[in-house]
Visitor: 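Structure provided below as structure tokens; questions to follow.
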Amino acid sequence: MTTIIGVRFKSNGKMYYFDPQGLEIAPGTGVIVETARGVEYGDCVQGNTDVPDQQVVQPLKRVVRVATETDMKTLERNKKRADEAFIICKQKIEDRGLEMNLVTAECTFDMNKLLFYFTADGRVDFRELVKDLASVFRTRIELRQIGVRDEAKMIGGLGCCGRELCCSSYLDDFHPVSINMAKDQNLSLNPAKISGVCGRLMCCLKYEHEAYAELQKVTPRQGSVVDTPEGRGKVISTQMLRGTCKVQLDDSPEHSLTEFQCTQCCMVKGACRNRQNAAAMAEERRKREDQEDAAAPAPKKDAPKKSETPHQKPQQPRPPRKPAPQQTAGDELPEDAQNELSPDGEGAPRRRRRRGGRRRRKPNGENGAPEQNSVEE
């Protein structure tokens, strides 16, 4: 186990662990501690506490001393210097014509570094600006680009609910918020209604998301078919927080809705959501077919069939094709077969070439062998 104290540098900032060095420090006491950027002043929000070694990031920074009246005067003087540095830096930005919005300025307790926080749409080349500020303040200068949510947290303000912004009052860290959280809570997807003063989705959408996620497991979807104590029906609307849903039963009139508890409804898987409309359409189609059959005149005996129109004669089957005559040795071919032979009167009868097939080579010599050119000596 390790003994630590919790220190916070801003009223709405994150809490960090420090080694008290054997001092008994009560919550609400100002302390001077060592940090990565130098000596800083912070407020103790958690007194001496023993925590497991796994929760401590080594090496643990130590507490220098408990803040005195001199330290408090130094802190007030540093705040005035930071306000003056903010005005000078803003003037330098306008002179340089840089597209950046300066948010705030602060300095370390020992005045070894000045920090300026700004927002911008893209990357900004502020190297010349750093040189101008260093020549004025004669100390280390650091410029940090932050997001719009961090800007709202630093400046503060009032939300649409009339209360102070959650990020500037008590939130120590930002959690990811997605549009699916607004959909799960059946909120309007109008960006003006679900966005905060920073222009991003409101952080309060995260608060009730877990409750809505649990309620969705027992709430039937709108338009689904469910079995109720009074019969099967279709879900028209739901109230997640109340745990109720309005169902239009199959046996009830068209605009009659019955309210049930979601726990009393069992969703039917694979059922058609528009089963009432489908049944009505099938009934209407059957009645229309019955009316057409009743209004149609009886067919006459001599009347032509539907396939035989007065302007179109029925197609007659083609006569079978006669097989080609075959020639045998020593027999004479009939005249019809002689016309189907090749022009020179030799070889087999001509065959029709199939479409897409490969054309066969016509034999020219005897016994189907091609003739070879002879050379006279």
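What you are looking at is a predicted structure, and each value in this text was computed from that prediction instead of being measured.
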Visitor: If you draw a 6.0 Å radius around CG in D121, do more than 12 non-hydrogen atoms from other residues or ligands fall strictly inside?
Guide: no
Visitor: Once side-chain hydrogen bond (donor to acceptor under 3.5 Å, both in side chains) is applied, do any residues pair with D227, and if so which ones, sequence neighbours excluded?
Guide: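 Residues passing side-chain hydrogen bond (donor to acceptor under 3.5 Å, both in side chains) with D227: R232.
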Visitor: Got a sec, which residues hit side-chain hydrogen bond (donor to acceptor under 3.5 Å, both in side chains) with D95, two or more places apart in sequence or on another chain?
Guide: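 side-chain hydrogen bond (donor to acceptor under 3.5 Å, both in side chains) check on D95 returns Q91.
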Visitor: Under 3.5 Å, sequence neighbours excluded: what are the donor-acceptor pairs made by side chains of residues 195-211?
Guide:
residue: S195; atom: OG; partner: P191; partner atom: O; Å: 2.6
residue: Y207; atom: OH; partner: Y170; partner atom: OH; Å: 2.9
residue: H209; atom: NE2; partner: D184; partner atom: OD2; Å: 3.4

Visitor: Is it the case that E259 and T244 place a side-chain donor and acceptor less than 3.5 Å from each other?
Guide: yes
Visitor: Can you find a pair of side-chain heavy atoms, one from R144 and one from L115, that are under 4.5 Å apart?
Guide: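 Touching, per the 4.5 Å side-chain cut-off.
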Visitor: Tell me, please, which residues at least two apart from P220 pass side chain to side chain contact (heavy atoms under 4.5 Å, CB included).
Guide: S224, V226, V235, C245, C262
Visitor: Scan the side chains in residues 13-32 for donor-acceptor partners under 3.5 Å anywhere in the protein, sequence neighbours excluded, and list what turns up.
Guide:
residue: D19; atom: OD1; partner: Q21; partner atom: N; Å: 3.2
residue: D19; atom: OD2; partner: Q21; partner atom: NE2; Å: 3.1
residue: T29; atom: OG1; partner: A26; partner atom: O; Å: 2.9

Visitor: Atom CD1 of I5 and atom OG1 of T3: how far apart are they, to the nearest 0.5 Å?
Guide: 11.0 Å
Visitor: Evaluate salt bridge (Lys or Arg N to Asp or Glu O under 4.0 Å) for R127 paired with D125, printing each intermediate quantity in order.
Guide: CA-CA 6 Å; R127 289 176 292 183; D125 186 6; 2.9 Å; yes
Visitor: Could I get the full list of side-chain hydrogen bond (donor to acceptor under 3.5 Å, both in side chains) partners for N186, not counting sequence neighbours?
Guide: none
Visitor: Determine whether more than 12 heavy atoms belonging to other residues, nucleotides or ligands lie under 6.0 Å from atom CZ of R140.
Guide: no
Visitor: Once rounded to the nearest 0.5 Å, what's the spacing between atom CD of E214 and atom CD of Q216?
Guide: 10.0 Å
Visitor: Taking it one step at a time, do M181 and Y212 satisfy side chain to side chain contact (heavy atoms under 4.5 Å, CB included)?
Guide: CA-CA 9 Å; M181 297 180 182; Y212 276 91; over 6 Å; no
Visitor: Could you tell me whether Q55 atom CD has more than 12 heavy atoms of other residues or ligands within 6.0 Å of it?
Guide: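 Result for CD/Q55: enclosed.
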Visitor: Establish, from distance only, whether the side-chain atoms of D110 and T108 form a donor-acceptor pair under 3.5 Å.
Guide: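 Note: D110 and T108 side chains meet the donor-acceptor criterion.
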Visitor: Would you check, one step at a time, whether the test side chain to side chain contact (heavy atoms under 4.5 Å, CB included) holds for K234 with K246?
Guide: CA-CA 9 Å; K234 177 182 176 182; K246 293 184 178 181; over 6 Å; no
Visitor: Please answer: with hydrophobic residues joined when any side-chain heavy atoms are less than 4.5 Å apart, are F86 and I88 in the same cluster?
Guide: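 Hydrophobic grouping puts F86 with I88.
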Visitor: Mind checking the CG-SG spacing from L114 to C89? Nearest 0.5 Å is all I need.
Guide: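 Rounded to the nearest 0.5 Å, the CG-SG separation comes out at 9.5 Å.
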Visitor: Show me the side-chain donor-acceptor pairs of residues 150-168 shorter than 3.5 Å, one per line, residues at least two apart or across chains.
Guide:
residue: E151; atom: OE2; partner: N101; partner atom: ND2; Å: 3.3
residue: K153; atom: NZ; partner: N12; partner atom: O; Å: 3.4
residue: K153; atom: NZ; partner: L171; partner atom: O; Å: 3.4
residue: S168; atom: OG; partner: L165; partner atom: O; Å: 3.1

Visitor: Nearest 0.5 Å, what's the CD1-CG distance between I236 and L257?
Guide: 6.0 Å
Visitor: Do you know which two heavy atoms are closest between G231 and L249, and how far apart they sit?
Guide: O-CD2, 3.9 Å
Visitor: Test: salt bridge (Lys or Arg N to Asp or Glu O under 4.0 Å). Region: residues 43-58. Which pairs qualify, not counting sequence neighbours?
Guide: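 The answer is none; no pair qualifies.
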Visitor: If we only count heavy atoms from C-beta on, is the L189 to I179 side-chain gap below 4.5 Å?
Guide: yes
Visitor: Using salt bridge (charged side-chain N to carboxylate O under 4.0 Å, His left out) as the criterion, list what pairs up with R81, not counting sequence neighbours.
Guide: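 For R81, no residue satisfies salt bridge (charged side-chain N to carboxylate O under 4.0 Å, His left out) once neighbours in sequence are set aside.
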Visitor: According to a 4.5 Å side-chain heavy-atom criterion applied to Ile, Leu, Val, Met, Phe, Trp and Tyr, with indirect links allowed, do L98 and V130 form part of one hydrophobic cluster?
Guide: yes
Visitor: Looking at every heavy atom in both V45 and V7, which two are closest together, and how far apart are they?
Guide: CG2-N, 4.4 Å
Visitor: Heavy atoms only: give me the nearest S188-K193 pair and the separation to one decimal.
Guide: OG-CD, 4.1 Å
Visitor: Not counting sequence neighbours, which residues clear side-chain hydrogen bond (donor to acceptor under 3.5 Å, both in side chains) with K113? List them please.
Guide: E142
Visitor: Output every pair passing ring-ring contact (aromatic ring centres under 6.0 Å, His included) with a member in residues 109-133, not counting sequence neighbours, ordered by first then second residue.
Guide: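 Checked against ring-ring contact (aromatic ring centres under 6.0 Å, His included) - neighbours excluded - the pairs reaching residues 109-133 are F118-F126.
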Visitor: Applying salt bridge (Lys or Arg N to Asp or Glu O under 4.0 Å), which residue pairs with at least one partner in residues 58-80 are found, sequence neighbours left out?
Guide: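 Non-adjacent pairs meeting salt bridge (Lys or Arg N to Asp or Glu O under 4.0 Å): E34-R62, R65-D71.
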